[in-house]
Each structure stands twice: as structure tokens, then as C-alpha cells.
Amino acid sequence: MKRSKWSYAFLLALILVLGACGNSGDAGGSVSGDGEEGGDGESVTIDLYQFKVEFKEQFESLVAQYEEENPNVTINVETVGGGNDYGATLKSKIASGNEPDIFNIGGPQDYEDHKDRIAPIEDSAAVDAALEGTLDAVTVDDQVYGIPYNLEGYGLIYNKGIFEEAGINPDELTTMEDLQTAVDTLDGMKEELGLDAVFAFPGKERWVYGNHSSSSFLAPEFNDSVIEAFESDTVEFEHSEELKNYIDMQVNYSEQPVLSLDYSQQVEALYSMEKVAMIQQGNWAYPSIEQIAPEVAENSGIIPIPVAGESKMPVGVPQYWVVNSGAEDNVQQAAVDFLDYMYTSDAGKEIVLNDFNFIPAYEDYDTSQISDPLSQEIYEYSEEGNTSGWVFLGYPTGFAEETFGDNVQQYISGDITWEEAIDNSKAYWEENR
Amino acid sequence: MKTKNIMYWVFIAPVLAALLIVVVVPFIWGIYYSLTEWSGDMAQTPVFTGFDNYKSLMSDPTFLSALWFTFKYAIVTVIIINVVGFSLALIVTSYIKSKNLLRTIFFMPNLIGGLILGFIWQFIFTNIFNALGDAMGVEMLQGWLATPATGFWGLVILHVWQMAGYIMIIYIAYLQSIPDELLEAADMDGASYFQKLKNVVMPLVAPAFTVSMFLTLSGAFKIYDQNLSLTGGGPGGTTKMIAMDIVDTAFAMNTMGLAQAKAVIFFIIVAILSLTQVYYNKKKEVEL
């Protein structure tokens, strides 16, 4: 009797435990093994995790078109960006065991962080067509690991109408002194021009100055090379004083308060509504401006940030598409096929140029179709070779925003001196290299 | 005297198994990680480094700053939430019209998720306050969330608004369980409203204080989503709380081992504070 009771209890517990465990089997993987009618191959699902919010809708349209032409392929798109920290959210996504099949990396530091899950890219039409120099940041030992998004440039986006009315010729703003003079002129005419301020400095967006502003002033000491930046154990901030003047200028002549100003306010509420004359952003901001005020967008131009008496446009590849080496082989192949379609098929090229408003990082594009004025100007700088490199993608992890960005914020709020901000940033770089 | 027989354990086993798998094992695993140097990448092997992470924490200005900020924040929000919650509970259990409607209205903020709340209040603080400040010429309403002080009070206001209704419900439950005879007896003896409140209501509602203070204290320490969406830890990392510092350390800085050590210390601190608070509050409770 006693033994019978114990056996019964044990059996009941066992059933409960096994029953609970059995349910987890239903989750399955991202690949559905079942074949599909009408498909020319095995059915595959690709999870894609990307960082660019500005072209999210256009990109999802491309995906829908691709899925229509390739019924056996399903692509799940997830977009995180626009001021959110893509890198950190990607890592938390990966740490949760939910690795995407296609994701983005910026350059050598991101590659270093994720190299255990990045597949080498072989037999890709997009890689074959990539422009000279665009693959350097994702090439290790002569093997390519990423496919470029596009070319982007950043600088000071300005309102041509306002500049014209103020009598300022943007082509002459090739030094920090010239820029200061123009800013003083605009500031003195704020009421006539209907401006709240000359600039909108988005103090809340640490990436704007932590990545882009700092990169312009650090590029010379790394010879415009992201690889040199990545391999350097130290950073000197040789142009620290000029960088300080540049930030001070923007802060002092900006819509206030700057530290709570975000991307949406800067680009949409202030620049697009013609309340400020200039903002520091890149051609990626064009779709946002166009949505708010098409005529302002059409009448926008972009000039480089003057550094050390030179006026070069920083042109670079903002992110690369990489394929997860942990995905199944057919998923990896399908991922490369999709990316090749996006950049090298006739249908894809059309969308890249006209819907994405991208400056292509690839050959065989009819670049006369680059339609938005910001991209046109950046492309012209690129054609003339009047460009500098994006070195921020070679910064140590956590340098751009969590360190330099935070220090600049503290400097702006008056808590620390500029020298302290620079010293803190230098120390962080050295500790992490 | 009931003897727990085998069937008791059989029925409780699934719950214990779930608790073990979801809480106990990750906790122990986390303690292990806190003794390692690890980026958080599953493809890499953690390197055992003993108590190095804990040593470096003692001089980590970011962590100590987040700790101090969170501590100040917890004190302020615990006090304000309980005062507001108790006051609201007294209001909606009195004999005023529309008290049932008011209960619903006061509780509703608690239904909104933390991230959305943060963005809603961010809009209120940076746009509406600014517009009002401009129109009325009140400088104090301008520049919210652009300074550490306004970031702090912004977070306080958000959390009080969110939690007061929930805490109100707890106080209502206890207020309604006070026997009417005691209050009537006090009335007969000529006690004023505040005398009744001080000598009859509050002693009998003491268990509610225990529960509410525990919830608000541990809740305040663990805030992350409101912190992220309202201030993002800015400006300059000055409004970053412990939970956000742990997440940033783990996922932005790639130092999961250090983040885990922060989490262990965080757990110890919250456990000590919560248990201490419950212990002292328990002593004040009155048994009928």
C-alpha cells in the first residue's frame, strides 16, 4: 500500500513535468522545413534587424515586392534607430538568444564585437559592384564581411532662401571664421528672417556630436582612415580648440534649451518650419524634411563643417549589412540573394535611387537620377574627391556617446570644463584599447 | 496539526519548478557571471576573475552616481506616493458624490506602460511647460529635462502620477475593513476628524503602510523604462538610475560581468532596505 502511494505520486509528478516541457517544442526555429507549392526552392524565413528609420516604409515596400517575386522567401523586418542606440539594442537582442539573420555593423569595432557571428560574403554581385574604398571597413585578411548600405555625407544643412535673403554665399564658408561671421549676420537679422535662432543644436542626441562632429575633427589625425582610428591606442584631439569653438557656436546661437532638444525637434519642428537657418545633419534627414515641408526640402543645401581651414565633405558608409554565420546555410544564401537584388537588380536600383533617396555605393547606377538636392551636393563632393573619412566607426565601443557625448553634455550644462571633457575622453580611449 | 504528505509536494512541484527555473537558476548563474570578465556575447567564454568586478565598482563614478541618484529618488517618491495615495484613498472612501468615478480615474494612470508614460510626460515637460512658460513669463516652466534638477523632478512627477492610484487601491482596501463601530464610538466621544484619523484610522491601516511602502520602495529602485524614455539618463548621464546603468554597462559598453556585479550589489541593497522597512513597519501594526 505504501509503495503504491509513492509510485502514484511519482508518476503524477513526472506527467506534470513532462507535460510542461513538451510545450516548449512548439517554438521551433526560424526556418520552416515544409515545402511550399509554386516555390522554386525550399521555403526560407529571414529575420532582418536594421537601424535606419528614415527609409523604413520604402524598405518594407521593397521587401514586399521581393517576396512577391520570390514566394518561397519570407523576410521579417524590424527597425530600431532614429536616435535610439541600435548597437545596444542589437546586443540585447542577441543576448536574449533571438539572433537576426541579417543585421547592421558600422565598421571595424562593430565587426570586432560581433565577429563570432558574422559570415564571410562570397559570390555576391553587390560586393563585386561596390565602389572603390567602400569595403575597407569590413575587410579582414582580404575577406569581405559586409555589404554597404549607401553613401552618406553630413555637414551643415542650410535653408537657401534664408541665406540668400541674408546675403550670405554658402560657397564662401570654408573656414570656422567665415562660418562665425555668417552666423553673426544671421543672428543679427533673426526678426527680419523670421528665425527663432540660427542653429538647432540637438543636445539630447549624443550621436550627432559624439559621432559626427567629433569624427570631422578627429579624421585629420587618423589620416581619414577608419582602420587607423580602430588600430590606434590613443587619441590626441589635435583640433580640440576648433571643435570647442564649433560646439560653442552652435550652442550659443541655438534654440534653447539645447540639452532636451531631440532629432524630431531639430529636423522637423525647427528646420523644416524655417525657424532656424542651419542644422548639422546629413542627407538621411531629407525624407523627414520633405514630409513636413517639401518646398523647404527642395530649397535646402549642405556645406561641410570647416576643419583646419579646409572644407571637405565627410562621406562614408553609415552601416553595412552582415549575414549571421549562425543561420542555416540556405538562410545565409537567401540573405545574400536579397541584398544583391536590392542593390544590383534593375528593380532594386530604381528603388534605391528614387524611393530610398540613397547615394549608391555601387557602380552601374544612373546617378543623374539622384533627385534630392542634399544627396546631389554630397555626390558632387564625392566625385570631385573633396571628401574626408568617417573615422567614428573605428572608435572604441562606448566612446562616441557614453563617453565623449556624455562629457560634452556635462560641459554644455557647465558642470565640467572643456579640458576635463577632452581628458576624460582620451583616458577612456586609452583604457579600452 | 496537519502533516504535509507527499501529495502536497506533488501539487506544489510545478510551481516550484517554474520558480527554480525562472528565478533561482538565473540568479545563481548571474552571481557566477559577476565573477567573470565577459562581453555578454554567447559565442565567447567568460574568463573567471574572482572579485575584480566588485573591486572596480567601489571606485566607478558612474555606478556610485547612479546609486546615489536612485537613493534620493526612492526617498522622495516613496514619501510623495504614499502621501498622495493615502489622501486619495481618504477622499474616495468618504461620503462625496462621484467617488466611484474618481477611483477609476485615479487608478487609470497605472494602466499605462512605462515607456509610453515617459514619452507623454516628455512632451508635457518640454513642449507644454515651455509654451506655458513663454506665455505666462514664468521662467521656472522653461527648460525642463535640460537640467539634472528638472530631470529628477520630472521623473518624480511621472512616477507619482503612475503609482499613486495603485497605492490608493491598497489603502482603500484597508480603510474599508475598519469596523464602523470603532469610528462611531470615537464620534460619540467627541473626537475630531484628525483625532480619529491619527488614533483610530492610521493604527488600523498600518498593514497597508507596510505593503505600500514595500511596493513603492522596491519599485522606485527598479525603474528603468520611464528613466529611458523620459530622460535617457541625460543630461550628461546625471539622471541615470541603477537599472539603466546596469543595462548600459551590459549592452552598450560590452562588459556583462561588471554589469552582473552591479546587479548583485543592487539586489543586496534592495533586499536589505526592503526587509528593514518591512521589519520596522510590522512592529507598528495593530492586531484587532
Side-chain angles (χ1 to χ4, degrees), chain A residues 5-6 8-14 16-17 19-21 83-85 87-97 99 112-117 203-206 256-262 265 269 325-326 396-398 401-403 405-416 421 432, chain B residues 5-18 21 38-45 61-62 119 122-123 125-127 129-130 133 142-151 154 228-240 245 247-256 259:
Chain A
K5 181 181 176 184
W6 272 96
Y8 176 76
F10 178 76
L11 185 63
L12 185 60
L14 195 66
L16 289 169
V17 172
C21 292
N84 290 299
D85 189 345
T89 56
L90 173 65
K91 286 167 198 161
S92 60
K93 191 176 177 65
I94 288 172
S96 71
E99 298 195 17
E112 179 69 21
D113 290 345
H114 293 290
K115 64 190 177 190
D116 293 319
R117 63 176 52 81
K204 193 177 186 206
E205 310 291 352
R206 296 173 301 176
Q256 301 291 326
V258 300
L259 285 175
S260 57
L261 210 97
D262 63 16
Q265 284 172 285
S325 58
T397 300
E401 298 186 40
E402 284 77 20
T403 303
D406 267 357
N407 274 278
V408 170
Q409 283 187 345
Q410 291 179 46
Y411 163 70
I412 290 168
S413 62
D415 297 330
I416 60 176
N432 288 271
Chain B
N5 59 28
I6 193 61
M7 294 308 295
Y8 168 83
W9 291 104
V10 169
F11 279 109
I12 204 174
V15 178
L16 283 182
I21 291 168
W38 185 43
S39 69
D41 193 326
M42 298 299 180
Q44 293 169 22
T45 307
T62 305
F119 289 124
Q122 186 187 86
F123 178 78
F125 289 135
T126 62
N127 290 73
F129 272 31
N130 218 52
Q142 292 164 354
W144 273 66
L145 305 189
T147 64
T150 52
L228 179 69
S229 56
L230 186 70
T231 66
T238 55
T239 62
K240 184 181 283 190
D245 186 45
V247 171
D248 284 353
T249 302
F251 296 117
M253 308 304 246
N254 281 356
T255 50
M256 178 67 77

Checking heavy atoms, do the side chain of Thr231(B), its backbone, both or neither come under 4.5 Å from chain A? backbone
If one checks every heavy atom of Trp144(B) against chain A at 4.5 Å, the contacting part turns out to be backbone
Report yes if some heavy atom in the side chain of Thr397(A) is under 4.5 Å from a heavy atom in the side chain of Met253(B); otherwise report no. no
Which heavy atom in Gln44(B) sits nearest to a heavy atom in Asp113(A), and how many Å separate them? NE2-O, 4.4 Å
Calculate, to the nearest 0.5 Å, the distance between atoms CG and NE2 belonging to Asn254(B) and His114(A) respectively. 7.0 Å
Tell me, for Gln122(B) versus chain A, whether the close heavy atoms (under 4.5 Å) come from the side chain, the backbone, both or neither. side chain
Once rounded to the nearest 0.5 Å, what's the spacing between atom CD of Gln265(A) and atom OG1 of Thr126(B)? 5.0 Å
Looking at Val408(A), Asp415(A), Ile412(A), Leu259(A), which one forms a side-chain contact (heavy atoms from CB on, under 4.5 Å) with Pro235(B)? Leu259(A)
Under 4.5 Å heavy-atom distance to chain A, tell me which part of Ile21(B) shows up: side chain, backbone, both or neither. neither
What part of Ser92(A) is in contact with chain B, defined as an atom under 4.5 angstrom from a non-hydrogen atom: side chain, backbone, both or neither? both
Honestly, the part of Asp262(A) sitting under 4.5 Å from a heavy atom of chain B is side chain
Mark yes when over 12 heavy atoms from residues, nucleotides or ligands other than Lys115(A) sit less than 6.0 Å from its NZ; otherwise mark no. no
Would you name the heavy atoms of Arg117(A) and Met42(B) that are closest together and state the gap between them? NH2-N, 4.2 Å
